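Below, each value reflects all heavy atoms present in this structure, side chains not excepted, and no hydrogens, waters or symmetry copies. This one's a predicted model, so the numbers in the text were calculated from it and none came from an experiment.
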Amino acid sequence: MPAPIPAGELRAVLEPVEAWLDGAAEQPPRAVVGAAVKTTARWLAQQVPGRSVELRVPPHVAVQCIEGPRHTRGTPPNVVETDAATWLRLTSGRLTWDAAVADGKVTASGNRADLTGLLPLSPLLR
């Protein structure tokens, strides 16, 4: 099991992408965006461990989280998938879950695939 991600690290990894998320800068290099996506997704998985929901932010990361029935083969019954910018806007409070789903920016399938109560990530509240 990896070491817990400190809240300070979570905030620091988001800092280089904030201007892009706010529409004030060009997209940072893929490695910078990827680090922010991976760190925020893994932080969420540490906060709500489990294997009932798979969070996918291609091509950067896929993590399992939230307690419940464990999935072992094939496509999981509870899947959340989105792009990097949408995920980072959700985690930082720039976008709400309901708005992202309504706009088709997030696909969420399964009865456990609603992350409303988990986003934004508490250390990133603005």
Work out which heavy atom in L10 is nearest to a heavy atom in P123; give both atom names and the distance. CD2-CG, 3.8 Å

Looking at Q46 and A3, would you say the former's side chain and the latter's main chain have a donor-acceptor pair under 3.5 Å? yes

Should V13 and L88 be regarded as members of a common hydrophobic cluster, given that ILVMFWY residues are connected when their side-chain heavy atoms come within less than 4.5 Å of each other, either directly or indirectly? no

Kindly compute the distance separating CG (L118) from CD (Q47), expressed to the nearest 0.5 Å. 10.0 Å

Is R89 reaching over with its side chain to a backbone N or O of L21, donor-acceptor style, under 3.5 angstrom? yes

A45 to C65 - nearest heavy-atom pair and separation: CA-CB, 3.9 Å

Answer whether the closest heavy-atom distance between the side chains of L90 and V106 falls below 4.5 Å. yes

Show, in sequence, the C-alpha distance, side-chain angles and deciding distance for D103 and V101, and conclude whether the side-chain contact (heavy atoms from CB on, under 4.5 Å) test is met. CA-CA 5 Å; D103 290 345; V101 171; over 6 Å; no

Do D114 and T116 meet the criterion of a side-chain donor-acceptor pair at a distance under 3.5 Å? yes

Taking all non-hydrogen atoms of both residues into account, name the closest pair between T86 and A100 and its distance. CG2-CB, 4.2 Å

With rounding to the nearest 0.5 Å, note down the distance linking CG in L115 to CG in L121. 10.0 Å

Is it the case that the side chain of R112 and the backbone of P77 share a donor-acceptor pair, with hydrogens and angles ignored and the cut-off at 3.5 Å? no

Passes side-chain contact (heavy atoms from CB on, under 4.5 Å), Q64 versus V53? Steps please. CA-CA 6 Å; Q64 292 185 345; V53 176; over 6 Å; no

Nearest 0.5 angstrom please: R11 CZ to L125 CG, how far? 10.5 Å

Does the S52 side chain pair with the main chain of I66, one donor and one acceptor, at a distance under 3.5 Å? yes

Should S92 and E18 count as side-chain neighbours, where that means a heavy-atom distance under 4.5 Å? no

Within the structure provided, determine whether L44 and V63 are in side-chain contact (heavy-atom separation under 4.5 Å). no

Is the shortest side-chain heavy-atom distance between W97 and V80 below 4.5 Å? yes

Would you mind reporting whether V33 and Q27 have side-chain heavy atoms less than 4.5 Å apart? yes

So, for E81 and P58, which heavy atoms are closest and what is the spacing to 0.1 Å? OE2-CG, 3.4 Å

Has the side chain of T40 got a donor or acceptor atom that lies under 3.5 Å from a matching backbone atom of V37? yes

Side chains of T107 and V79: closer than 4.5 Å at any heavy-atom pair? no

Closest heavy-atom pair and its distance - N78, A113: OD1-N, 4.0 Å

Charged N-O contact under 4.0 Å between K105 and D83: no

In terms of heavy-atom contacts, P16 and V32 come closest through CB-CG1, 3.8 Å

Verdict with reasoning, V61 to W87, per side-chain contact (heavy atoms from CB on, under 4.5 Å): CA-CA 11 Å; V61 72; W87 171 247; over 6 Å; no

